[in-house]
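Report on the structure given below.
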Amino acid sequence: MQMPKVIFIPCARSHRFERREIEVFEEVKVGRSVARCKTSPDNAIFDCKVLSRSHAVLWYQDGSIWIKDTASSNGTFINNTRLSRGGEESEPFRINSGDEIQFGVDVMEAKEKGRW
């Protein structure tokens, strides 16, 4: 039996990363790279400051891929709709083929805004 897969492809306005295809045979954690959990072609860990360490989870159930924001600061979005408020865990949402999933929003640091 072929395992379901999630394909991560950067869009023009996203953080740069290499395309990744990840089989969803167990829960897949989406998050920011930290010392004990580094980026790899076979995981959903990214070196990106807008992601929380534990940002969201993906899983396969009843013939569908599901996603849930795990109380991230900068949000998880499906087709530009935020799943929950910042710091609040979302309900599970089914992902459909072709949906655009966004993890986090661009955050400007004080130096980038012209403040120190």
Side-chain angles (χ1 to χ4, degrees):
M1 178 176 132
Q2 187 175 14
M3 296 303 300
K5 228 181 253 200
V6 175
I7 302 172
F8 293 95
I9 304 169
C11 65
R13 65 183 189 279
S14 76
H15 177 78
R16 296 180 142 215
F17 63 92
E18 295 293 321
R19 174 188 166 117
R20 298 184 196 180
E21 292 188 23
I22 300 172
E23 289 186 342
V24 184
F25 56 88
E26 62 184 1
E27 191 172 84
V28 174
K29 174 186 165 186
V30 177
R32 183 180 72 237
S33 176
V34 293
R36 60 181 170 77
C37 195
K38 297 290 187 188
T39 63
S40 169
D42 64 350
N43 71 22
I45 303 300
F46 299 90
D47 186 19
C48 181
K49 67 182 178 184
V50 302
L51 295 180
S52 297
R53 285 176 287 183
S54 179
H55 195 96
V57 291
L58 299 156
W59 69 95
Y60 181 76
Q61 179 181 329
D62 301 326
S64 296
I65 302 281
W66 295 81
I67 189 168
K68 178 172 70 170
D69 186 286
T70 53
S72 70
S73 299
N74 295 314
T76 300
F77 302 78
I78 298 177
N79 301 323
N80 296 315
T81 301
R82 190 170 181 155
L83 304 186
S84 62
R85 292 182 188 179
E88 291 182 10
E89 190 170 286
S90 76
E91 296 294 321
F93 287 85
R94 183 177 24 200
I95 298 175
N96 298 302
S97 180
D99 280 347
E100 183 177 309
I101 310 301
Q102 177 183 337
F103 300 105
V105 290
D106 196 18
V107 176
M108 291 181 66
E109 294 181 16
K111 286 191 280 187
E112 293 172 11
K113 292 181 183 177
R115 289 184 264 154
W116 300 92

**Message:** I'd like to know if the side chain of Q102 reaches the main chain of G104, judged simply by a donor and an acceptor atom lying under 3.5 Å from each other, with no hydrogens or angles considered.
**Reply:** yes
**Asked** Considering only heavy atoms from C-beta outward, does the side chain of W59 approach that of P92 to under 4.5 Å?
**Response** yes
**side chain to side chain contact (heavy atoms under 4.5 Å, CB included) assessment of I7 paired with R19** = CA-CA 7 Å; I7 302 172; R19 174 188 166 117; 3.7 Å; yes
**Asked** Heavy-atom distance under 4.5 Å between the side chains of I65 and P4, does that happen here?
**Response** yes
**Message:** What I'd like to find out is whether the side chain of E89 reaches to under 4.5 Å of the side chain of K68, using heavy atoms alone.
**Reply:** yes
Check: residues 32-43 side-chain donor-acceptor pairs under 3.5 Å, at least two apart:
unit_1, atom_1, unit_2, atom_2, d
R32, NH1, L51, O, 2.7
S40, OG, D42, N, 3.4
S40, OG, D42, OD1, 2.5
N43, OD1, R20, NH1, 3.3
N43, OD1, S40, N, 3.2
N43, OD1, I45, N, 3.1
N43, ND2, K38, O, 2.9

**Prompt:** So do F17 and F8 actually touch side chain to side chain, heavy atoms under 4.5 Å?
**Reply:** yes
**Message:** Check this for me: does any side-chain nitrogen of one of E27 and K29 sit under 4.0 Å from a carboxylate oxygen of the other?
**Reply:** no
Please list every donor-acceptor pair under 3.5 Å in which a side-chain atom of residues 76-84 meets a protein atom from a residue at least two apart or in another chain.
unit_1, atom_1, unit_2, atom_2, d
T76, OG1, H55, NE2, 3.4
T76, OG1, D69, OD2, 2.6
N79, OD1, E100, N, 2.8
N79, ND2, D99, OD1, 3.0
R82, NE, S84, O, 2.8
R82, NH2, S73, O, 3.2
S84, OG, E88, O, 2.7

**Message:** Could you tell me if the side chain of L58 sits less than 4.5 Å from the side chain of I95, heavy atoms only?
**Reply:** yes
**Asked** Do V28 and Y60 come close enough that some side-chain heavy atom pair is under 4.5 Å?
**Response** no
**Prompt:** Of all heavy-atom pairs between S72 and G75, which one has the smallest distance, and what is that distance?
**Reply:** OG-N, 3.1 Å
**Complete:** d(C48 SG, F103 CZ) to nearest 0.5 Å is 11.0 Å
**Message:** For the NZ atom of K5 and the CD atom of E21, what is their distance to the nearest 0.5 Å?
**Reply:** 4.5 Å
**Prompt:** Can you find a heavy atom in the side chain of I67 that is under 4.5 Å from one in the side chain of V57?
**Reply:** no
